[in-house]
Colleague: 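Below: one structure in structure tokens.
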Amino acid sequence: MALTKAEMAERLFDELGLNKREAKEMVEMFFEKIRAALEEGSQVKLSGFGNFDLREKKERPGRNPKTGEEIPITARRVVTFRPGQKLKARVEAYAGSEQ
Amino acid sequence: MTKSELIEVIAREQGHLAYRDIELAVKCMLEQMSQALATGERIEIRGFGSFSLHYRPPRQGRNPKTGESVALSGKHVPHFKPGKELRERVNGAFEERLLK
């Protein structure tokens, strides 16, 4: 199972007493505001969790894996996530399957 | 944008909610996400992206000060894969700027 927006809204309803609609809107807005900041070109720093950084990639040679045809991969901006110390430490302790 | 700026941006649009409630909600969501990853659960947010764990096998490391060899055990690290909407919005804004 994976954590989804529905479960996050459920938690806000259970723990903070937001009504169902408010809880759903809150989760929606949380992710939307992070997307909007990144779209504007701002880094997003969530202490204790991690940073969403932007990186600009130059054009580089690529290939269509099906046809083998050479096509350049155009210059682009991408989002990367750097987990914070606290999150890294919590996850490192996880002793689950080595996948 | 920092966590407190994110809380402020949300507060501006959710005027009917107390600032304190928004602060608690943001902290609650981040804690739930951290907790999920700490217990090996994935996070899947459509249009935003997914978080999962990647395994790093054990390796021989070195103490950079003494040069001494140390055995490092295997560990998990968080990994984020941006979703389609996030990728397109971030790159779309960038391409528009390139064309100007």
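Note that this is a predicted model, so its numbers are computed, not measured. Just so it is clear, the values below take in all heavy atoms, side chains as well, and ignore hydrogens, waters and symmetry mates. Order of the sequence lines sets the chain letters (A, B, ...), proteins ahead of strands, with each chain counted from 1.
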Colleague: Let me know if B/Thr39 has heavy atoms under 4.5 Å from chain A in its side chain, its backbone, both or neither.
Modeller: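 Only the backbone of B/Thr39 comes within 4.5 Å of chain A.
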Colleague: Quick one: are B/Asn91 and A/Val78 in side-chain contact, heavy atoms under 4.5 Å?
Modeller: no
Colleague: With a 4.5 angstrom heavy-atom cut-off, could you sort out which part of A/Ala36 is near chain B: side chain, backbone, both or neither?
Modeller: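 When you check distances to chain B, atoms from both the backbone and side chain of A/Ala36 fall under 4.5 Å.
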Colleague: Taking all atoms of both residues into account, what is the closest heavy-atom pair of B/Lys3 and A/Ser47, and its distance?
Modeller: NZ-O, 3.1 Å
Colleague: To check you understand the geometry: which heavy-atom pair defines the closest contact between A/Leu16 and B/Leu24, and what is its length?
Modeller: CD1-C, 3.7 Å
Colleague: Can you tell me which of A/Arg11, A/Lys5, A/Lys88, A/Glu32 forms the most heavy-atom pairs within a distance under 4.5 Å of chain B?
Modeller: A/Arg11
Colleague: For the atom pair CZ (A/Phe81) and NE2 (B/His79), what is the distance rounded to the nearest 0.5 Å?
Modeller: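 If we round to the nearest 0.5 Å, A/Phe81:CZ and B/His79:NE2 are 11.0 Å apart.
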Colleague: Which one wins on heavy-atom pair count under 4.5 Å against chain B: A/Lys86, A/Glu92, A/Glu7?
Modeller: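 Most heavy-atom pairs under 4.5 Å with chain B: A/Glu92.
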Colleague: Would you check if B/Gln14 and A/Met29 make a side-chain contact, meaning some heavy-atom pair closer than 4.5 Å?
Modeller: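 Result yes, sub-4.5 Å side-chain heavy-atom pair found.
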Colleague: Given a strict heavy-atom distance threshold of 4.5 Å, which part of A/Glu22 is in contact with chain B: side chain, backbone, both, or neither?
Modeller: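 For A/Glu22, side-chain heavy atoms alone lie under 4.5 Å from chain B.
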Colleague: Are A/Phe49 and B/Phe51, when compared by the centres of their aromatic rings, separated by less than 6.0 Å?
Modeller: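 So the answer is yes for these two rings.
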Colleague: Between B/Ala36 and A/Leu3, what is the shortest heavy-atom contact and its length?
Modeller: CB-CD2, 3.9 Å
Colleague: State, yes or no, whether a side-chain contact exists between A/Lys33 and B/Glu13 at a heavy-atom distance under 4.5 Å.
Modeller: yes
Colleague: What are the two closest non-hydrogen atoms of B/Gln32 and A/Met8, and how far apart are they?
Modeller: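 The pair with the smallest heavy-atom distance is OE1-CA, 3.3 Å.
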Colleague: Within the 4.5 Å heavy-atom criterion, are A/Ile34 and B/Leu6 side-chain neighbours or not?
Modeller: yes
Colleague: Identify the two heavy atoms, one from A/Val79 and one from B/Pro82, that lie closest to each other, and give their separation to 0.1 Å.
Modeller: O-CG, 3.7 Å
Colleague: Do A/Leu87 and B/Leu37 have side-chain heavy atoms sitting under 4.5 Å apart?
Modeller: yes
Colleague: Begin with the C-alpha distance, continue with both residues' side-chain angles, and end with the deciding distance and a verdict on side chain to side chain contact (heavy atoms under 4.5 Å, CB included) for B/Leu17 and A/Leu18.
Modeller: CA-CA 9 Å; B/Leu17 291 177; A/Leu18 298 189; 4.1 Å; yes
Colleague: On the 0 to 90° scale, with breaks at 30° and 60°, tag the A/Phe31-B/Phe48 ring pair as parallel, tilted or perpendicular.
Modeller: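 Taking B/Phe48 first and then A/Phe31, their aromatic rings sit tilted (interplane angle of 30° to 60°).
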Colleague: Which pair of heavy atoms, one from B/Arg46 and one from A/Arg35, lies closest together, and at what distance?
Modeller: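 Where B/Arg46 meets A/Arg35 most closely, the heavy atoms are O-NH1, 4.3 Å.
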Colleague: So that I know where these two stand, are B/Tyr55 and A/Tyr94 an aromatic pair - ring centroids less than 6.0 Å apart?
Modeller: no
Colleague: If we define contacts as heavy-atom pairs under 4.5 Å, which of A/Glu15, A/Arg82, A/Glu40, A/Glu56 has the most with chain B?
Modeller: A/Glu56
Colleague: What I want to find out is whether A/Arg90 reaches B/Glu31 closely enough, with some N-O distance under 4.0 Å, to be called a salt bridge.
Modeller: yes
Colleague: Taking atom CE of B/Met29 and atom CE of A/Met26, what is their separation to the nearest 0.5 Å?
Modeller: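 Answer rounded to 0.5 Å: 6.0 Å.
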Colleague: Answer with side chain, backbone, both or neither: which region of B/Glu5 has an atom nearer than 4.5 Å to a non-hydrogen atom of chain A?
Modeller: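 Nothing of B/Glu5, per the 4.5 Å heavy-atom cut-off to chain A.
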Colleague: Just wondering, do B/Val77 and A/Pro83 contact through their side chains at under 4.5 Å, heavy atoms?
Modeller: no
Colleague: Any chain of hydrophobic side-chain contacts (each under 4.5 Å) joining A/Leu54 to A/Ile73?
Modeller: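 Looking at the clustering, A/Ile73 is in a separate group from A/Leu54.
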Colleague: Could you check whether any side-chain heavy atom of A/Met1 comes within less than 4.5 Å of a side-chain heavy atom of B/Glu41, counting everything from C-beta outward?
Modeller: yes
Colleague: Nearest 0.5 Å please: distance from the CD atom of A/Glu25 over to the NE2 atom of B/His16.
Modeller: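 So the gap between those two atoms works out to 6.0 Å.
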Colleague: Side-chain contact, heavy-atom cut-off 4.5 Å: B/Thr2 with A/Val44?
Modeller: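 Answer no - side chains too far apart.
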Colleague: Heavy-atom distances under 4.5 Å only: say whether A/Ala93 touches chain B with side chain, backbone, both or neither.
Modeller: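 When you check distances to chain B, no heavy atom of A/Ala93 falls under 4.5 Å.
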